[in-house]
2 protein chains.
Amino acid sequence: MAQLRPDDGRLLRGQKSRARILKAARSLFAERGFDDATLRAIAKRAGMGASSIYRHVQSKEELLMDQLADLQEEAWQRFREQDEREAPTQERVRAFLDVQHELLVENEDLTLIALRSMTRPGARVAKQVLSLNDRTVGLLMEILQMGRMQRRLAKKADVLEAARVIFHITQGVRISWANGLMTADACRDAIDTGVDMLFEGLTA
Amino acid sequence: MAQLRPDDGRLLRGQKSRARILKAARSLFAERGFDDATLRAIAKRAGMGASSIYRHVQSKEELLMDQLADLQEEAWQRFREQDEREAPTQERVRAFLDVQHELLVENEDLTLIALRSMTRPGARVAKQVLSLNDRTVGLLMEILQMGRMQRRLAKKADVLEAARVIFHITQGVRISWANGLMTADACRDAIDTGVDMLFEGLTA
DNA sequence: CCATAAACGCGAACAGCTTCGCATAGTTTC
DNA sequence: GAAACTATGCGAAGCTGTTCGCGTTTATGG
């Protein structure tokens, strides 16, 4: 059989099921947290058996990654709404990171499970997260690139690597936050400090 | 009963068992990787039942953390052997990171599982990893602090935050490496690039 | 010697995610 | 309309890390 039409009844049913699953997962994750939200409970709330979930998803973690994608989209949108393209690069970077921070602080699991997922090389969910991260890095790179063209950054600055460094800083600091070593505010400050340091350099 | 003597027969037996467990775990992790090394298989090789392992360890991941501690100790020692305290700060940092890199490259699981462990706040293994990381950050800070006293670094440089940033860079890059996105050499280069950027700053 | 206690060891059982084999519903081909 | 094929759904089973209750070894105190 050739490939099926996009309005195929089976696909439509599947899409509805998938939507129910994701919705159920979101609410349960919010109520109990990722680790305490049983797949069976999610399935029950979605009105189906636990094993059926695997028709739509390859692992429990993928249920969260769906949210991460949304959150990231939201971060970009909020940033773009208030972004001033002529503002100093450092300020624009900080503005983006602040927006992102604000959203992530409300979803503690997200940061954590995304990181956890990346520790399973080969799994699909790992690729998904890496891909999402790449998009964030891409946006940061865009900002940096503009700064470089305006000659606000050093000529030889490698914007891609710089964007990655900034991203790594945010991730690393958030691990400390998630482990209760610092408050959300301290987390934001640490990120800002780190980024400032990167811009200004350590050397005397 | 008061506390028992250090040469108590029960403790001695336990220490031998613990040693056997760790040895078995190391060999199996090396052969199959962490996720494919079953606790039952480890126990079998150690000559005991799977549940007995939990007399000595609180989770499977702790079996790896033992190795991480050793590896870190080894990295410090190797670094100290060849360290020249009067060398430029940036070179000393790079020398340490290179040593560490060389060791970690041989143990792919280590970075990954350490990171995974940190995504379980509250678990003992998470605290262990955080504590080990703190020691690494401490060493980096030591190097930076000396650079600052020699007025090679900016006066206002926050050495602790700087050390943390460097550490985050290494961790972030290694995730990419472990996911097959870059070779071990590219990983080392990326770390070096990132650190250089931090020293020299992005701003024109 | 006997009671008590502590560390250890074990097999069974538990709980979670995931896989499997089979049944069902929807679609196309003839 | 029958056959073939596909996406979906389901309950049972599998695998794994971990916990539990009980027995064993080793040491101490009376």
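Given the structure is predicted, the values throughout are model-derived calculations rather than measurements. So you know, we letter chains A, B, ... as the sequences are listed, proteins then strands, and number each from 1.
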**Request:** Grab the CD1-P distance between Ile42(A) and dC17(C) for me, whole Å please.
**Result:** 7 Å
**Asked** Taking for each residue the nucleotide of DNA chain C bearing the nearest heavy atom, is the 5' side occupied by Ile21(B) or by Phe34(A)?
**Response** Ile21(B)
**Asked** Taking NZ from Lys60(A) and P from dT18(C), how many angstroms apart are they, rounded to a whole number?
**Response** 8 Å
Donor-acceptor pairs under 3.5 Å, side chain of residues 135-142 of chain A to any protein atom, not counting sequence neighbours: which ones?
residue, atom, partner, partner atom, Å
Thr136(A), OG1, Gln72(A), NE2, 2.9

**Fill in**
note: Gln15(A), atom CD; dT8(D), atom P; distance rounded to Å ~ 8 Å
What pairs of nitrogen or oxygen atoms, one from the protein and one from nucleotides 11-15 of chain C, lie under 3.5 Å apart?
residue, atom, partner, partner atom, Å
dG11(C), N7, Ser51(B), OG, 3.3
dG11(C), O6, Ser51(B), OG, 2.4

**Item:** Contact list for residues 46-57 of chain B, test side-chain hydrogen bond (donor to acceptor under 3.5 Å, both in side chains), sequence neighbours left out
**Value:** none
**Prompt:** Short question: side chain of Asp158(B), backbone of Leu160(B) - any donor-acceptor pair under 3.5 Å?
**Reply:** yes
**Asked** Which residue pairs pass the side-chain hydrogen bond (donor to acceptor under 3.5 Å, both in side chains) test with at least one member in residues 187-199 of chain A, sequence neighbours excluded?
**Response** Gln90(A)-Asp196(A), Arg94(A)-Asp196(A)
Could you list the donor-acceptor pairs under 3.5 angstrom formed between side-chain atoms of residues 33-50 of chain B and any protein atom two or more places apart in sequence or on another chain?
residue, atom, partner, partner atom, Å
Asp35(B), OD1, Arg116(B), NH1, 2.9
Asp35(B), OD2, Arg116(B), NH2, 3.0
Arg45(B), NH1, Ser27(B), OG, 3.0
Arg45(B), NH1, Glu31(B), OE2, 2.9
Arg45(B), NH2, Glu31(B), OE1, 3.3

**Request:** Scan for ring pair (Phe, Tyr, Trp, His ring centres under 6.0 Å) pairs involving residues 170-189 of chain A, sequence neighbours excluded, and state none if there are none.
**Result:** none
**Prompt:** Considering only heavy atoms, which members of residues 110-127 of chain A lie under 4.0 Å from some atom of DNA chain D?
**Reply:** none
**Complete:** From NZ of Lys44(A) across to P of dG11(D) the rounded distance in Å is 13 Å
**Request:** Measure the distance from CE on Met48(B) to C1' on dC8(C) and round it to the nearest whole Å.
**Result:** 8 Å
**Asked** Under the side-chain hydrogen bond (donor to acceptor under 3.5 Å, both in side chains) test, which residues partner Arg164(B), sequence neighbours left out?
**Response** Glu161(B)
**Prompt:** According to a strict under-4.0 Å criterion, is Ser17(A) in side-chain N/O contact with OP1 or OP2 of dG9(D)?
**Reply:** yes
**Request:** Name all residues meeting the salt bridge (charged side-chain N to carboxylate O under 4.0 Å, His left out) criterion together with Asp83(A); count only those two or more places apart in sequence or in a different chain, and write none if there are none.
**Result:** Arg92(A)
**Request:** Indicate, with a heavy-atom threshold strictly under 4.0 Å, whether Ala41(B) touches base, sugar-phosphate, or nothing.
**Result:** nothing
**Message:** Applying salt bridge (charged side-chain N to carboxylate O under 4.0 Å, His left out), can you list everything that pairs with Arg26(B), at least two apart in sequence or on another chain?
**Reply:** Asp66(B), Asp70(B)
**Item:** Flag side-chain contact, heavy atom, 4.5 Å: Ile191(B) against Arg174(B)
**Value:** yes
**Flag, side chain of His168(B) to backbone of Phe167(A), donor-acceptor distance under 3.5 Å** = no
**Prompt:** Looking across every strand, which nucleic acid part, if any, lies under 4.0 Å from Ala43(B) by heavy atom: base, sugar-phosphate, or nothing?
**Reply:** nothing
**Message:** In this structure, how many angstroms lie between the P atom of dT19(D) and the CD1 atom of Ile53(B), rounded?
**Reply:** 13 Å
**Request:** Check the distance between dG17(D)'s P and Glu61(B)'s CD and give it to me in whole angstrom.
**Result:** 10 Å
Distances under 3.5 Å between nitrogen or oxygen atoms of protein and nucleotides 21-25 of chain D:
none

**Request:** Under the salt bridge (charged side-chain N to carboxylate O under 4.0 Å, His left out) rule, collect the residues that match up with Arg124(B), sequence neighbours excluded.
**Result:** Glu62(B)
**Item:** His56(A) side chain near dG9(D) phosphate (N/O to OP1/OP2, under 4.0 Å)
**Value:** yes
**Request:** Would you kindly give the CG-to-C1' distance between Leu11(A) and dT6(D), to the nearest whole Å?
**Result:** 9 Å
